[in-house]
There are 2 protein chains.
Amino acid sequence: MRVLIVEDDVTVGQYIVSGLKESGHSTEIASDGLAGLKIATEGDFDALIIDRMLPQMDGLSIIESIRREGNNTPVLILSALGEVNDKVQGLKAGGDDYLVKPFAFQELLARIEALVRRSLLNEDETSLSFGGLFMDLITRKVSRGEIEIRLKPREFQLLEFMMRNTNQVVTRTMLLEAVWNYHFDPQTNVIDVHMSRLRQKIDKDFDLKLIHTVRGVGYALQLSE
Amino acid sequence: MRVLIVEDDVTVGQYIVSGLKESGHSTEIASDGLAGLKIATEGDFDALIIDRMLPQMDGLSIIESIRREGNNTPVLILSALGEVNDKVQGLKAGGDDYLVKPFAFQELLARIEALVRRSLLNEDETSLSFGGLFMDLITRKVSRGEIEIRLKPREFQLLEFMMRNTNQVVTRTMLLEAVWNYHFDPQTNVIDVHMSRLRQKIDKDFDLKLIHTVRGVGYALQLSE
DNA sequence: CTTCAACAATAAGAACTCGCATAAAATCTC
DNA sequence: GAGATTTTATGCGAGTTCTTATTGTTGAAG
């Protein structure tokens, strides 16, 4: 992950830089507004961290400027406690998130990673489709052919994972990890139950079944046996 | 993650090795039982993948041998379909998990990572405690002082995260990521609700409150204000 | 080919989770 | 310091998710 930090306070800047490096990300730093804008425009970053108050050109202006150029890189705005603490203004200018100094580094990291994840999703794919099944990740709607299918949250998550791993067996362990966020065996048949409900909605009214069970192993989303 | 693979079938062995490498793990491979035992004893691995049937010394004997030496590295046993498929026997010998060939690589990866995660936890701690609060991660029981506290799954996860991050502020964003596995803002007060219920159980009947809210930022588990 | 055991599917009720609405508390403004 | 505003707390109902129990299916053994 490549991150540009625009921050005039050297202490804060270095704190962020070293933290991000430790987390395996690469960084670049600018210490005034104009330099920041220049680097942001020229380089290809996954995210920008921009202080609100900067010499030469303030943070919000940088954001407005790069947005005008059609650059949609996610931006996290930093603002010191005591500065005009107007989130709305920052977000209006085109910031994606807002963090008040002083902050815990873990918090910054969590937010930046969340931003990048969101922006990557949006860039590549706002939807998934397979074998006539269509899933809109934004509106959270699913359809097969012309027929709209209403899914509950868990069912949606389950199907999303299956659709991201088509034509291969996904095991119960994998599903527990990915969909349930369980790192232990719940000793029940939760997965079977939900898979059953999903089948009712996805496959029941169609001749071509998409969900297949692979006995002793798991399930697979594929066109044929 | 350093993994030792003990497998005589070269095809299978290479398949695992290359898969693990792609996932960013480092590997070593032994193709018979004795060699495997030697490398396992001398090297420092995060996990072992051991085939059950091996030339020179079978898989179960290797496991028994290294366990006798007090080595607790997690072991995943591989067994071919058709071999005596006795999970219990494998686990008794000291294996931590069991996988039948043929398997999808994703499955192996998921299991190995789960094992390592568990073992890392277990190495330091099968339990957490803080300020009189005690949490058993295996039995999933919680107590404060002598009083046992019954928590629901979400409450348990929430408290677990708090106990792993004591004496610092955990923000809602962090909680959403870690406990809810959400990468977006649900625009509701889910966290507040669960935090409230957790408080009822953890703090209500005690003078010393452990959960503190940090207004505008999040929550913290700490002894004093 | 039949029987048996293991595994999977499903229905239904119990338990849990969530989100709203309202209350309470903290902070800000004047 | 009083009122206004923002932020947090909590009771409760609606809807979702999970567990259990039962039935159905598959593959292996005899």
Side-chain angles (χ1 to χ4, degrees), chain A residues 81-89 98 100 140 149-159 161 169-173 175-176 179-182 184-204 209-220 225, chain B residues 79-88 98 100 140 149-159 162 169-173 175-176 179-182 184-205 209-220 225:
Chain A
L81 211 93
E83 279 177 40
V84 193
N85 184 10
D86 191 359
K87 259 191 206 184
V88 180
Q89 201 184 331
Y98 206 93
V100 175
R140 309 227 125 209
I149 298 171
R150 296 192 68 80
L151 295 184
K152 293 173 183 170
R154 259 283 135 82
E155 293 162 0
F156 189 93
Q157 286 185 282
L158 185 54
L159 183 60
F161 186 80
V169 181
V170 299
T171 66
R172 293 188 171 73
T173 314
L175 289 170
L176 283 176
V179 178
W180 273 262
N181 206 17
Y182 282 3
F184 55 91
D185 185 346
Q187 310 274 22
T188 71
N189 67 344
V190 215
I191 291 175
D192 305 63
V193 170
H194 283 272
M195 198 60 83
S196 166
R197 293 159 112 296
L198 191 55
R199 266 184 169 146
Q200 301 282 343
K201 298 189 178 178
I202 299 299
D203 274 344
K204 196 176 188 189
K209 308 301 183 191
L210 296 176
I211 300 175
H212 300 274
T213 97
V214 183
R215 208 180 157 75
V217 188
Y219 299 87
E225 197 50 42
Chain B
S79 121
L81 211 92
E83 279 178 40
V84 194
N85 184 7
D86 192 357
K87 256 191 205 180
V88 181
Y98 206 93
V100 175
R140 312 227 121 212
I149 298 173
R150 296 192 68 81
L151 294 185
K152 293 173 182 170
R154 259 287 135 78
E155 292 161 3
F156 189 94
Q157 286 184 284
L158 185 54
L159 182 59
M162 300 286 293
V169 179
V170 299
T171 65
R172 292 187 172 73
T173 313
L175 289 169
L176 283 176
V179 178
W180 273 262
N181 208 15
Y182 283 3
F184 54 91
D185 185 347
Q187 309 274 21
T188 70
N189 67 344
V190 214
I191 291 175
D192 305 62
V193 170
H194 284 272
M195 199 60 84
S196 167
R197 293 159 110 305
L198 190 56
R199 265 182 170 149
Q200 300 284 339
K201 299 188 179 180
I202 299 299
D203 275 344
K204 194 176 188 189
D205 304 332
K209 309 301 182 191
L210 295 176
I211 300 174
H212 299 274
T213 99
V214 182
R215 201 180 163 80
V217 186
Y219 297 88
E225 196 51 42

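This is a predicted model, so every value here is computed, not measured. By convention in this document, chain letters (A, B, ...) are assigned in the order of the sequence lines, proteins followed by strands, and residues within each chain are numbered from 1.
- Rounding to whole angstrom units, CD of residue Q157(B) and C1' of dC18(D) are separated by 14 Å.
- Residue contacts shown for V193(A) include a base, since a base heavy atom lies under 4.0 Å away.
- The shortest distance between the side-chain N/O atoms of S196(A) and the OP1/OP2 oxygens of dA9(C) is not below 4.0 Å.
- Nearest heavy-atom pair across I211(B) and D203(B) is N-OD2, 2.9 Å.
- Rounded to an integer number of Å, the gap from NE2 of H194(A) to P of dA8(C) is 17 Å.
- Here the nucleotide nearest the side chain of P153(B), chosen from dT17(C), dG19(C), dC18(D), is dT17(C).
- Atom pair I191(B):CD1 and dT17(C):C1' shows a separation of 14 Å (rounding to whole Å applied).
- Computed from coordinates, the E155(A) CD to dT10(C) P distance equals 13 Å when rounded to whole Å.
- The main-chain N or O of K152(A) is found under 3.5 Å from a side-chain atom of E155(A) such that the two form a donor-acceptor pair.
- Distances shown here put every side-chain N or O of W180(A) at or beyond 4.0 Å from the OP1 or OP2 atom of dT17(D).
- Between the OH atom of Y219(A) and the C1' atom of dT10(C) there is a distance of 11 Å, rounded to whole Å.
- Rounding to whole angstrom units, NZ of residue K209(B) and C1' of dA9(D) are separated by 14 Å.
- Side-chain contact between F161(A) and V170(A): present, with at least one pair of heavy atoms (C-beta onward) separated by less than 4.5 Å.
- Annotation: side chain of I191(B) is in contact with side chain of W180(B) (closest heavy-atom distance under 4.5 Å).
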Polar pairs (N or O, both sides) under 3.5 Å between protein and nucleotides 22-26 of chain D?
| residue | atom | partner | partner atom | Å |
| --- | --- | --- | --- | --- |
| dT26(D) | O2 | R215(A) | NH2 | 3.3 |

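- When heavy atoms are screened at a 4.0 angstrom cut-off, R197(A) is found touching base atoms of the nucleic acid.
- In this structure, L151(A) CG and L198(A) CG are separated by 6.0 Å, a value rounded to the nearest 0.5 Å.
- Residue D192(B) contributes atom CG, which lies 15 Å from atom C1' of dT17(C) at whole-angstrom precision.
- For K201(A) (side chain) and R150(A) (main-chain N/O), a donor-acceptor pair under 3.5 Å exists by modelled atom type.
- Rounded to an integer number of Å, the gap from L151(B) CG to dT17(C) C1' is 15 Å.
- Looking at N189(B), its side chain has no donor and acceptor atom pair within 3.5 Å of the base of dT7(D).
- Note that NZ of K209(A) and NZ of K204(A) are 9.5 Å apart. Values are rounded to the nearest 0.5 Å.
- Considering only the side chain of R154(A), dT17(D) comes nearest among dA9(C), dT17(D), dC18(C).
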